[in-house]
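Below: the structure, in structure tokens.
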Amino acid sequence: MDGQTSRIEAEPEDAGEGGADVEHFDVLLVGAGLSGIGAAWHLQQRCPDRTWLILEGREAIGGTWDLFRYPGIRSDSDMFTLGFAFKPWLEAKAIADGPSILAYVRQTAEENGIDRHIRFRQLVRKASWSSAEARWTVEAERTDTGAKVRFTCSWLHMCSGYYDYAQGYLPDFAGMDRFRGAIVHPQFWPEALDYGGKRVVVIGSGATAVTIVPAMDQAAHVVMLQRSPTWIVSRPSRDTIADWLRARLPARFAYQLVRWKNVLMQQFFFQMARKRPEKVRAKLLDLVREEMGPAYDVERHLTPHYDPWRQRLCLVPDSDLFEAIRAGRASIVTDEIETFTETGLKLKSGAELEADIIVTATGLKVQLLGDVALTVDGERRVPADSLTYKGMMFSDVPNLSYSFGYTNASWTLKADLTAGYLCRILNYMARKDVDIAMPRREPGIDELPFIDFSSGYVQRALAVLPSQGSEKPWKLYQNYALDMASLKYGAVADGTMSFTRSTETRTKVRVAPRLRSEQAA
Ligand SMILES: Cc1cc2nc3c(=O)[nH]c(=O)nc-3n(C[C@H](O)[C@H](O)[C@H](O)COP(=O)(O)OP(=O)(O)OC[C@H]3O[C@@H](n4cnc5c(N)ncnc54)[C@H](O)[C@@H]3O)c2cc1C
């Protein structure tokens, strides 16, 4: 096997629609975003003898960075940690715009030949595991023709992100149908939307709202309408230490140094926020007051009711949001919506906001595994009923891993470690000649929430996410250094993961003629 071609196995019981042959791959990946492209790179490098394929429901590489097109779309973590470990980020800005991130992901796919292993417009709907055969049967729907396509694989790696691509989250606001202007959800930004000279209200105060508000600088005025404030901190979009190092050291070395610098700084700040919340709170408020001046009502609009890092912190590059407010192009209103009206919004305080365009930056609908229905030996399995194993597999679900990044640091840091660990598992299985790997749930492990954040979307998401356990390997550390120790250097055979051979393989071994003659010899 060369990693380029798949084995075609004509098995009548696995036939695709219309009796077509079912393609078999050693590994099927679902999703061609940062996680899928990164995992493919690891597979190519570390398991070069495996066949693999990426199934992607959309028409393009990039996932999040291709889907989101709202004004100002950008990362809110630095690209030295949101970039892949194996491909230095060379652009000038550390906080990068969406199109640059998309170009980086696509370039990675193209220069490594990963793009040739992607089948687009194939939305995976079902995956059924057979323990007897030690394989998944994966059913996808072609989004262009509606035809069903089937594959089999020995391992399924889900890189389908964490939210529903088909719909965003939208609370049930009263009177929405009365509004005569345009209502826009950032997940589906209309390319032709002309907001020049218009009055805009952006509902929300999360990462998306704080990005859109200063970016819509052609509007007559933009109001950020929030129910309650979020912690917002400004950071330069360029990293001066990175620039200094990059001017003097080879690109790859400088990248690794800056990556570690940023990982450690982020961890330090997160730990400080958790251990000394009052100190961090005071510091962040000082910074905000410095930005906004003494006349601004920081208490009302920029002082959250929760401690820093109990929800994801909002980063604004080069003070752009604060500057837009200072310049009078934007303002913050802290209030609640009573109802939409024909001309805008009526608020609970009795105030009214006139608007031509209302942007509902109200968040994502969290979804795990791209809504794929899983069965194991005919039994339905849902992630919410399981414990997460090392943040990348589910208890008692064999040969399936998933990529889920950090909530307190860049997503890709964990996605990279997960992909590396998957390769270690696959290579271990090949060495030991086993074909089933399954983390077995142990008694006496307490269940804890997957994410320890108070944000509304996290609270909504807990219903679909697995739990974490109170002890390793079921515990999530949200800490790159600890995960690196566990996933890069820890033993794959850790006593929790069971490695076995399927009955089919055992039967094949007994009757295989080649083996019989070998035994006779
Ligand atoms: C606006 C925005 C900004 C963000 N900024 C940051 C940031 O600065 N830092 C950070 O760490 N994180 C950020 N995130 C989180 C971000 O999603 C991750 O950083 C990262 O892009 C996730 O990559 P992924 O490949 O795991 O998932 P995605 O980018 O979501 O890609 C998943 C892919 O899987 C495909 N897919 C899903 N289901 C199926 C299915 N059933 N069948 C076939 N294909 C399927 C999708 O079409 C998509 O292409 C941001 C998220 C958003 C929405």
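Note that the numbering runs from 1 along the sequence shown for the chain. In listed order, ligands and their atoms are each counted from 1.
Using a 4.0 angstrom heavy-atom cutoff, V30 counts as in contact with ligand 1. Residue contacts with ligand 1 include S410, since one of its heavy atoms falls under 4.0 Å from the ligand. Within the structure, the closest approach of C159 to ligand 1 falls below 4.0 Å when heavy atoms are considered.
Under a 4.0 Å N-O distance rule, the pair R329/D217 does not qualify as a salt bridge. D239 has a carboxylate O that lies under 4.0 Å from a charged side-chain N of K261, or vice versa, which qualifies the two as a salt bridge.
Contact atoms of ligand 1 toward G63: 29 (O), 31 (O), 48 (C), 49 (O) (distance under 4.0 Å to a heavy atom of the residue). For ligand 1, the atoms lying closer than 4.0 Å to a non-hydrogen atom of Q122 are 42 (N), 43 (C). Applying the 4.0 Å criterion to heavy atoms of G57 picks out, from ligand 1, the atoms 43 (C), 44 (N). Atoms of ligand 1 lying under 4.0 Å from any heavy atom of G31, numbered from 1 in the order shown and given with element: 33 (C), 34 (O), 35 (C). Proximity to S75 (heavy-atom distance under 4.0 Å) selects the following atoms of ligand 1: 8 (O). Taking every non-hydrogen atom of D76 and a distance limit under 4.0 Å, the qualifying atoms of ligand 1 come out as 5 (N), 6 (C), 7 (C), 8 (O), 9 (N). Close contacts of ligand 1 with R58, meaning ligand atoms under 4.0 Å from a residue heavy atom, involve 47 (O).
Ring geometry, W411 versus F404: the interplanar angle falls from 30° to 60°, so the pair is classed tilted. Classification of the Y70-F68 ring pair by plane angle, with boundaries at 30° and 60°, yields perpendicular. Taking the six-membered ring where the residue is Trp, Y163 and Y165 present parallel rings, their angle staying beneath 30° rather than reaching 60°. Using a 30° and 60° split on the angle between ring planes, W474 and Y389 fall in the perpendicular class, above 60°.
Considering backbone and side-chain N/O of S77, one or more are found under 3.5 Å from N/O of ligand 1. Inclusion of L82 in the set of residues having an N or O under 3.5 Å from an N or O of ligand 1 is not warranted. For ligand 1, the polar-atom distance check against L369 finds no nitrogen or oxygen pair separated by under 3.5 Å. For V124, a nitrogen or oxygen atom sits less than 3.5 Å from a nitrogen or oxygen atom of ligand 1, counting backbone and side chain alike. Distances between N or O atoms of T64 and those of ligand 1 include at least one value under 3.5 Å. Considering backbone and side-chain N/O of V372, none are found under 3.5 Å from N/O of ligand 1.
The one candidate from R150, R125, R121 that meets the salt bridge (Lys or Arg N to Asp or Glu O under 4.0 Å) condition with E141 is R125.
Aromatic rings of W65 and Y104 (six-membered ring for Trp) have centroids beyond the 6.0 Å cut-off, not under it.
Regarding atom 27 (O) of ligand 1, its nearest protein heavy-atom neighbour is G161 CA, 3.3 Å. The shortest contact between atom 47 (O) of ligand 1 and any protein heavy atom is with E56 OE2, 2.6 Å.
Contacts between R312 and ligand 1, counted as non-hydrogen atom pairs separated by less than 4.0 Å, involve the side chain only.
Heavy atoms only, all atoms of each residue included: V124 and V372 are closest at O-CG2, 3.4 Å. Across S395 and S386, no two heavy atoms sit closer than the pair OG-CB, 3.4 Å. Contact detail for T418 and S403: the closest heavy-atom pair is CG2-CA, 4.5 Å.
Across G38, A32, S35, heavy-atom proximity to atom 26 (O) of ligand 1 is greatest for S35. Of the listed residues (Y402, W65, Y163, W411), the one carrying the non-hydrogen atom nearest atom 50 (C) of ligand 1 is W65. Considering only non-hydrogen atoms, atom 1 (C) of ligand 1 lies nearest to Y70 out of Y162, Y70, Y165.
No side-chain heavy atom of I61 sits under 4.5 Å from any side-chain heavy atom of D66.
In the model, D164 has no side-chain atom that pairs as donor or acceptor with a side-chain atom of Y169 under 3.5 Å.
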